[in-house]
Amino acid sequence: MKTRRLTEDETKTAAGILRDGGLVAFPTETVYGLGADGLNPEAVMSIFAAKGRPSDNPLILHISDRRMLERIVAEIPPVAEELMQAFWPGPLTLVFRKSEAVPSEVSAGLATVAVRMPDHELALRLIRETGRPIAAPSANRSGRPSPTSADHVLQDLDGRIDAVLLGEPSEVGMESTIVDVSGDKPCLLRPGGLTLEEVRRIAPETTVAGSTGHGEAPRAPGMKYRHYAPDAEVVLLQGDLGQQLAFIDEAHRKGLHREPFALMACQEMIDVWTGKESGLEMTLFSLGSRHQDKTLGKNVYAYLREADQAGIRTVFVESFKEENMGRTIMNRLKKAAHAGKESL
Ligand code: TXA
Ligand code: MG
């Protein structure tokens, strides 16, 4: 199959492909999505085939207006109204009890459906012109870092999907935050582009899945799969800043990890490394200032892909405090680091 490259002026063509049951990747503010008509079971199934994704992992429906929401959910709890009012359109996915209109291929047999209104003009126009909710996971091959540019999408899916809508790189760079509003209290299933602190400003009673200490299963089914992993080994540094950097020198001296190395960290840590003049040549991936919390996650996935293209074998990553965007980044990097270990 030849994958068409569509420009911003060709959303009508993209919408036509979706209505005919085809697959179109499109930009959103979080990451690029791989879209199919969310009410067409066969089209939805082809998403799983193109990505190589297990079909027991449910998909998010992307909507452009309230009417679409009412069509696909069974009820809208008051706390959901407040969260939507505060954060939609934006990087927040809400899990509702689903209506009959949602095919079980989307929800993977669950009684709930995940819904998001993206904060992205092209995405919203595409959904509007398609006239239906668009089911879309991140547009990567299953297990690879999520794509934050059209190039990343083509690296993974060229020849496997009908078209990609060419847009700018994603602003947020991390997937949406998922909050389940179908139960008694809102529950954070996946930290993402909206921080838990922001969610709790509107819904202070929000709990965190898996944090009760009772060993409960993660409730976003996708959290159990291998995720976000480049070919390079990802090593999460430990300890204070000095210890984190000392470990890299030690790894080099003792041959603990394969070279070439890269370091992905905030600019402040990179400045300290550069000032040390340790004599060890290493690629430096700066995530920007640690004080610019909102944009810290923007380039994480892009750098992981860049590391592979540059032939880097080990990416050392700074450990961030698990609050605000640091919580999201650590969630993804722990998975990337863990996946590397499993594959050894
Ligand atoms: O930012 C995003 O959320 C991007 C863009 C394209 O919108 N999409 C995305 O989709 O990250 P995906 O498929 O890579 O991740 C969706 C996550 C999975 O972990 C899945 O298990 C969870 O959402 N999920 C979907 N439906 C659910 C449901 N009904 N209940 C619980 N978790 C659900
Ligand atoms: Mg994904």
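Every number for a ligand or one of its atoms is a count from 1 in the order of the listing. All heavy atoms count here, side chains included; hydrogens, waters and symmetry mates do not.
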For ligand 1, which is the ligand I care about here, please tell me if [X] has any N or O atom under 3.5 Å from one of the ligand's N or O atoms.
| X | answer |
| --- | --- |
| Y32 | no |
| R53 | yes |
| N57 | yes |

Looking only at heavy atoms, is any part of [X] under 4.0 Å from ligand 1, and if so is it the side chain, the backbone, or both, or is it neither?
| X | result |
| --- | --- |
| L110 | side chain |
| D180 | neither |
| K98 | neither |

Applying side-chain contact (heavy atoms from CB on, under 4.5 Å) between L23 and each of L157, L34, T3, I17, report the one that passes.
L34
Short N-O contact, [X] and [Y], less than 4.0 angstrom:
| X | Y | value |
| --- | --- | --- |
| K321 | D293 | no |
| E233 | R313 | no |
| E105 | R53 | no |
| D249 | K276 | yes |
| E121 | R125 | yes |
| R116 | E29 | yes |
| E75 | R97 | yes |

Short list, please: which atoms of ligand 1 are under 4.0 Å from a heavy atom of [X]?
| X | result |
| --- | --- |
| T112 | 28 (C), 29 (N), 30 (N) |
| I60 | 3 (O), 8 (N), 9 (C), 10 (O), 16 (C) |
| I178 | 17 (C), 22 (C), 23 (O) |
| H62 | 5 (C), 6 (C), 7 (O) |
| S138 | 8 (N), 9 (C), 10 (O), 12 (P), 14 (O) |

Tell me the nearest of A114, S176, P91, S142 to atom 2 (C) of ligand 1, using heavy-atom distances.
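It is S176 that holds the nearest heavy atom.
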N/O/S of S138 less than 2.8 Å from the Mg ion (ligand 2)?
yes
Less than 6.0 angstrom separating the ring centers of F316 and H257, yes or no?
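Aromatic pair counts; centres sit under 6.0 Å.
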